[in-house]
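A short worksheet on the structure shown next.
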Amino acid sequence: MGEEPADGHADPLALYIHWPFCLSRCPYCDFNAHVRERIDEARFRDALLADLAYEAARLGPRPLASIFFGGGTPSLMSPATVAALIEAAMRAFPPTAMPEITLEANPTSVEAGKLAGFRDAGVNRISMGIQALDDVALAFLGRRHTAAQALTALETARALFPRASFDLIYARPGQTVAAWRGELRRALGFGLDHLSLYQLTIEPGTPFARLAAHGELVLPDEETQAALYEATEAEAVRAGLAPYEVSNYAVPGAESRHNLAYWRYDDYAGIGPGAHGRIPVHGVPTATVRVRAPEAWAEAVERQGHGVREEEPLAPETRAREALLMGLRLAVGVEPAHFRARTGIALDAALEPDALAAAEAEGLVARTDAGGWVATRAGRLRLDALLPVLVR
């Protein structure tokens with residue numbers, strides 16, 4: 001029997017579906033991604049459907065707001081598998097309106113050739129992993145496509161899908177502001193409605209971490225990183241995209257509804273290897289984590305009907321901290337009534353008063369008209385340093 005949502009009524013639900021497989025592993029990546037010579041797609045499709053059914057049974061008839069196929073590389077799935085998962089999700093969680101259905105794809109020729117099939121399967125928003133429009137940079141990042149393939153994929157995505165996003169990575173070694181502006185203008189010139197920006201960082205355990213440890217990989221200094229970030233906003237705004245989150249830009253109305261569920265701390269369910277969720281379990285807000293390794297996750301689903309590895313009830317203080325760490329990334333900031341409804345704690349009580357006063361005095365945060373808090377433009381540039389001292 002399904003459980004009622006924690007607040008007693010059927011709020012919309014965001015659904016994340018993880019496909020963990022990649023053709024190769026990028027040297028900067030620390031995601032739950034795996035390379036396999038052969039993938040038993042039928043087995044993993046059936047396991048995803050069973051994992052979904054388990055969550056649907058205990059969540060009850062929640063209206064579906066969004067589906068996000070992430071990875072890994074979900075465009076390695078067949079369109080038939082994507083269609084089966086969309087159909088099952090919409091049957092389990094009947095939407096009140098057409099949900100946003102996003103699939104991440106890479107612009108290799110094989111994957112780009114399946115884009116029309118994904119559209120026909122029900123995907124209405126594509127997210128292209130472009131990362132760079134420079135062949136030298138693409139080779140450095142371990143990408144399997146060329147700049148020419150990326151440009152062709154952007155054109156195809158624009159033609160096939162009503163909504164399309166693309167990813168770019170900045171702060172690469174030796175990158176100049178002038179060259180970065182050129183990349184941005186070429187990509188933004190296709191008229192896609194959303195850009196996700198990622199700063200290159202050195203993650204422990206990755207090949208890039210080993211290179212950096214030996215001095216063979218040096219990232220731009222903080223001043224250059226800030227200049228590249230500011231150039232991104234200028235070029236995005238020039239193309240009609242507004243910054244609505246620290247690293248995301250969209251044509252007004254084309255913001256990612258799925259990712260907004262994370263940033264607003266709404267309920268989201270995660271299925272598939274290593275997927276995380278924040279859902280009510282027996283009326284209690286709970287963090288869920290699936291088994292990480294693909295084969296071990298599939299075995300768990302086959303054995304027990306789901307891939308859950310651990311579930312942790314979330315105390316109000318934990319919910320408040322998570323909600324702030326996500327919500328202060330948004331250009332609109334954190335709204336106090338929604339914050340209290342989701343966490344059970346007043347917004348101001350969740351912030352360190354001395355740090356808050358200092359940040360306000362420095363112009364890093366400001367009060368909103370609704371009585372909430374927002375990081376200013378200067379604050380968003382320093383958000384990684386600001387959040388740890390600001391949030392209790």
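In this chain, numbering begins with 1 at the start of the sequence shown. Note that the structure is a prediction, hence the values are computed from the model and not measured. Values below: every heavy atom of this structure, side chains too, minus hydrogens, waters and symmetry copies.
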### Message
When you compare the side chains of N248 and S196, does any donor N or O come within less than 3.5 Å of an acceptor on the partner?
### Response
yes
### Task
May I have the step-by-step check of side chain to side chain donor-acceptor pair (under 3.5 Å) for E111 and S75, ending in yes or no?
CA-CA 6 Å; E111 294 163 75; S75 52; 2.5 Å; yes
### Task
Taking only Lys NZ, Arg NE, NH1 and NH2, and the carboxylate oxygens of Asp or Glu, determine whether R210 and E216 approach each other closer than 4.0 Å.
no
### Query
Counting only heavy atoms not in Q304, do more than 12 fall under 6.0 Å of its CD?
yes
### Task
Kindly indicate whether the side chain of E322, heavy atoms from C-beta on, has any atom under 4.5 Å from the side chain of Y265.
yes
### Query
Could you state the interatomic distance from CG (L387) to CE (M326), rounded to the nearest 0.5 Å?
10.5 Å
### Task
Give, for atom CG of N32 and atom NE2 of H18, the distance between the pair rounded to the nearest 0.5 Å.
4.5 Å
### Message
What's the separation between atom NE2 in H258 and atom CZ in F68, rounded to the nearest 0.5 Å?
### Response
6.5 Å
### Query
Between R163 and E100, is there a salt bridge with N-O shorter than 4.0 Å?
yes
### Message
Quiz question: by atom type and distance under 3.5 Å, do the side chains of N106 and R143 form a donor-acceptor pair?
### Response
yes
### Task
Give a yes or no on this: more than 12 heavy atoms of other residues, nucleotides or ligands lie within 6.0 Å of atom CD of E155.
no
### Task
Identify whether F93 and V281 are in the same connected component of the hydrophobic contact network (ILVMFWY, side-chain heavy atoms under 4.5 Å).
yes
### Query
Going through the checks in order, is the side-chain contact (heavy atoms from CB on, under 4.5 Å) test met by S256 and R125?
CA-CA 9 Å; S256 169; R125 183 177 180 272; 3.7 Å; yes
### Task
Please indicate whether R257 has more than 12 foreign heavy atoms, meaning atoms of other residues, nucleotides or ligands, lying under 6.0 Å from its CZ.
yes
### Query
Do W373 and L351 come close enough that some side-chain heavy atom pair is under 4.5 Å?
yes
### Task
Can you see which heavy atom on V284 is nearest to which on P313, and at what distance?
CG1-CB, 3.9 Å
### Message
Closer than 3.5 angstrom, by distance alone: can the side chain of R25 be matched with the main-chain N or O of C29 as a donor-acceptor pair?
### Response
yes
### Message
Surrounding CG of D221 (heavy atoms of other residues, nucleotides or ligands, distance under 6.0 Å), is the total greater than 12?
### Response
yes
#### Entry: Sub-4.5 Å side-chain heavy-atom contact between Y262 and Y268
yes
### Query
For the side chain of T343 and the backbone of P316, is there at least one donor-acceptor N/O pair under 3.5 Å apart?
no
### Query
Sub-3.5 Å donor-acceptor pair from the side chain of Q175 to the main-chain atoms of P173, do we have one?
no
### Query
Heavy atoms, side chains only, cut-off 4.5 Å: are I86 and F69 in contact?
yes
### Summary
In this structure, CZ of R38 is separated from CD of E41 (nearest 0.5 Å) by 11.5 Å
### Message
Quick check: is V123 connected to M98 through a chain of hydrophobic side chains (ILVMFWY, heavy atoms under 4.5 Å apart)?
### Response
yes
### Task
Tell me, please, which residues at least two apart from T176 pass side chain to side chain contact (heavy atoms under 4.5 Å, CB included).
A178, A179
#### Entry: Short side-chain to backbone donor-acceptor contact, T224 and P220, under 3.5 Å
no
### Task
Give a yes-or-no answer on whether the side chains of T102 and E104 include a donor-acceptor pair shorter than 3.5 Å.
no
### Main-chain N/O of E235 paired to R181 side chain as donor or acceptor, under 3.5 Å
no
### Task
Applying side-chain contact (heavy atoms from CB on, under 4.5 Å), run through Y54 and V301 and close with a yes or a no.
CA-CA 10 Å; Y54 173 80; V301 175; over 6 Å; no
#### Entry: Within-4.5 Å side-chain heavy-atom neighbours: Y249 and T232
yes
### Message
Any salt bridge linking R36 with E295? Criterion: basic side-chain nitrogen under 4.0 Å from a carboxylate oxygen.
### Response
yes
### Distance in Å, L133 CG paired with L184 CG, rounded so as to fall on 0.5 Å steps
8.5 Å
### Message
Closer than 4.0 angstrom, basic N to acidic O: yes or no for D193 and R158?
### Response
no
### Message
Could you check whether R392 pairs with E317 (Lys NZ or Arg NE/NH1/NH2 to Asp/Glu carboxylate O, under 4.0 Å)?
### Response
no
### F140 and F208 aromatic centres sub-6.0 Å
yes
### Query
Quick check: are there more than 12 heavy atoms from other residues, nucleotides or ligands sitting under 6.0 Å from CZ of R382?
no
### Query
Salt-bridged, E299 to R303, with N to O below 4.0 Å?
no
#### Entry: W19 side chain reached by F21 side chain, heavy atoms, under 4.5 Å
yes
### Query
For the side chain of E312 and the backbone of T286, is there at least one donor-acceptor N/O pair under 3.5 Å apart?
no
### Message
Strictly distance-based, threshold 3.5 Å: is any side-chain N or O of D267 a donor or acceptor partner for the main-chain N or O of G277?
### Response
no
### Task
Calculate, to the nearest 0.5 Å, the distance between atoms CZ and CD1 belonging to F339 and I345 respectively.
6.5 Å
### Task
Could you tell me whether the side chain of R321 and the main chain of V391 form a donor-acceptor pair under 3.5 Å?
yes
### Query
So, for A132 and L141, which heavy atoms are closest and what is the spacing to 0.1 Å?
CB-CD1, 4.3 Å
### Message
What I want to find out is whether E311 reaches R58 closely enough, with some N-O distance under 4.0 Å, to be called a salt bridge.
### Response
yes
### Query
Do the charged groups of R172 and E183 touch, with an N to O distance under 4.0 Å?
yes
#### Entry: Modelled atom types, side-chain donor and acceptor of Y170 and Q199, under 3.5 Å
yes
### Query
Other than V289, which residues form its hydrophobic cluster under the rule that side-chain heavy atoms must be closer than 4.5 Å?
none
### Task
For atom CD of E310, decide whether the heavy atoms of other residues, nucleotides or ligands shown that lie under 6.0 angstrom number more than 12.
yes
### Query
Do side-chain atoms of E362 reach the backbone of A359 as a donor and acceptor pair under 3.5 angstrom?
no
### Query
Can you name the nearest heavy-atom pair linking A231 to V177, along with the distance?
CB-CG1, 4.0 Å
### Task
For I130 and L138, work out which heavy atoms get closest and say how close.
O-CD2, 3.6 Å
### Task
Quick one: closest heavy-atom pair of V374 and A331, and the distance?
CG2-O, 3.2 Å
### Query
Salt-bridged, E55 to R290, with N to O below 4.0 Å?
yes
### Message
Applying ring pair (Phe, Tyr, Trp, His ring centres under 6.0 Å) to Y244 and H194, what does each step give before you reach the verdict?
### Response
CA-CA 10 Å; Y244 73 99; H194 192 282; 5.6 Å; yes
### Task
Kindly determine whether R264 and E335 satisfy salt bridge (charged side-chain N to carboxylate O under 4.0 Å, His left out), including the steps that lead there.
CA-CA 9 Å; R264 290 173 175 162; E335 196 274 324; over 6 Å; no
### Query
Are L314 and R278 close enough that some pair of their side-chain heavy atoms sits under 4.5 Å apart?
yes
## Note on the structure
Here the pair of heavy atoms bringing L219 nearest to T201 is CD1-CA, 4.4 Å
### Query
When you check the gap from the basic side-chain N to the acidic O, do R367 and D348 get nearer than 4.0 Å?
yes
### Message
When you measure from the side chain of T152 to the backbone of A148, do you find a donor-acceptor pair of N or O atoms at a distance under 3.5 Å?
### Response
yes
### Task
Check whether any side-chain heavy atom of L48 sits under 4.5 Å from a side-chain heavy atom of I271, and report yes or no.
yes
